[in-house]
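Whatever order the structure lists ligands and atoms in, that order sets their numbers, starting from 1. Note: hydrogens, waters and symmetry copies are ignored here, and every other heavy atom, side chains too, is used.
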Amino acid sequence: MKDIDKEPFFIKEIKEQPKVLANTLTQYLGPNRHLKMTRPPLDDQTLRKVRQVYITACGTSFHAGMTARYIFEELTQLPTVVEPASEAGRHHLLIDENTLAVAISQSGRSQDTLAALNLAKSRGAVTLGLVNESPSPLTESALGSIMTLAGQVFTLSSTKAFTSQTLVLGLLAVRLAQSRGLMKEKWPRDLESLGRIPELVRYVLTLEDKVVHMAKALASYDHVFILARGALLPMAYEGALKLKEVAHFHAEGYSAGEFGHGPLAMVGSHTPIILIAFSGEADQSNLALIRAFRARGAPVWLISEDGPKKDLAMAAMSEVFFPLPAVQPRLRPIVAIIPLQLLAYHLGRLRMVDVDSPGGLLGGEDLVKPAFSP
Ligand code: BG6
């Protein structure tokens, strides 16, 4: 029996995600599937004036914003800019009163994110905070805020807040699309699959033993590349961030499409590759990449969909196949990040890292640490 009192908060919070995601759906979806996101500045009158979306955040929250961009542009048909808060203002910021500026922050305290929000505010943007802590400096400064309902967070490296952020941002994209008269017929069908997210994440968590084996194998290397495309690419970045932050293991998230333009040169038996790829998306390019990795002796681990849509050719060429359940493509990012969160935890434990306080903060820690101490 695991001594749960000693179980780190990091793994506890990973395992809280089905409940957090279910609470998030309950909070924002009414009984007849209408979105409960109508209080200003999410009222129709305000949203109808929006002509572009600007999303800004730091770290893991930035990766939630990156993946949200794909859904925002697809559903709202509005240009959506996503940038690290630390870069805001270092270029000519095209933000005005017709911009919806969304600042994402689990703690609501990250100094860069607050500064980026205030810069957007100074340009007349409609500012919205997506936070897990309220009140917080971010909620005090934004015109309005929505919550991620992840509950108290005791670890610095965000997991349950991240998947809740990703879900809430998807719902926010639907809200904005609906205010623009879009999404009428498609939403109910998509909503069906949205309701399955908590059970899908719960299922993936039951595959933890597979991840333990992956962590043991990875422990004998010094580096890993995590590759993906499209809305899954931010998950490659996030998985790499978790491995660096929580396991102190060097990992690099990279565009699968870009990888053949240079980085492939360093691939060999010393560089395992984790590829997040699904059948029907750039199949030939992914197969060519895997062949190139195998020709160089690099181990390839595939995170992909199992079942009738399993890509047998890619799976046959991979040493490890991590089977994700079938899920509507827009929901794949939330499901795909789970094995990578678990991998960071188990590798961190193998490398004797304090996974709850791995030490990834830069100065001004009182501005980014949780608002309370466990
Ligand atoms: C960093 C943490 O300090 O802050 C990351 O190490 C986190 O895990 C980032 O994602 C942003 O924090 P917040 O609270 O603004 O989402």
Point to revise | Side-chain heavy-atom pair Thr80, Ile71 within 4.5 angstrom cut-off | key: no

Practice item. Could you check which of Leu114, Thr148, Leu156, Leu138 puts a non-hydrogen atom nearest to atom 8 (O) of ligand 1? Key: Leu156

Exercise for review: Can you figure out which of Ser107, Ser158, Pro358, Ser110 has its heavy atom closest to atom 15 (O) of ligand 1?
Suggested key: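 Among Ser107, Ser158, Pro358, Ser110, the closest heavy atom to atom 15 (O) of ligand 1 belongs to Ser110.
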
Practice item. Look only at interatomic distance and state if Glu245 has a nitrogen or oxygen under 3.5 Å from any nitrogen or oxygen of ligand 1. Key: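 N/O-N/O distance below 3.5 Å exists for this pair.
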
Check your understanding: Can an N or O of Gln165 be found at a distance shorter than 3.5 Å from an N or O of ligand 1?
Key -> no

Practice item. Go through ligand 1 atom by atom and flag the ones less than 4.0 Å from a non-hydrogen atom of Thr60. Key: 8 (O), 10 (O)

Point to revise | ligand 1 atoms in contact with Ser157 (distance to a heavy atom under 4.0 Å) | key: 8 (O)

**Study point:** Any donor-acceptor N/O pair, Lys36 side chain to Gly30 backbone, under 3.5 Å
**Key:** no

Practice item. Could you label the plane-to-plane angle of the Phe225 and Phe259 rings as parallel, tilted or perpendicular, counting under 30° as parallel and over 60° as perpendicular? Key: perpendicular

Exercise for review: Would you kindly specify which portion of Arg109 sits under 4.0 Å from ligand 1, judged on non-hydrogen atoms: side chain, backbone, both or neither?
Suggested key: neither

Check your understanding: Rounded to the nearest 0.5 Å, how far does OG1 of Thr159 lie from CD of Glu238?
Key -> 9.0 Å

Point to revise | Geometric cation-pi criterion, Lys12 with Phe154: 6.0 Å, 45° | key: no

Review point. Can Arg351 be said to sit on top of Phe249's aromatic six-ring, NZ or CZ under 6.0 Å from centre and within 45° of the ring axis?
Key: no

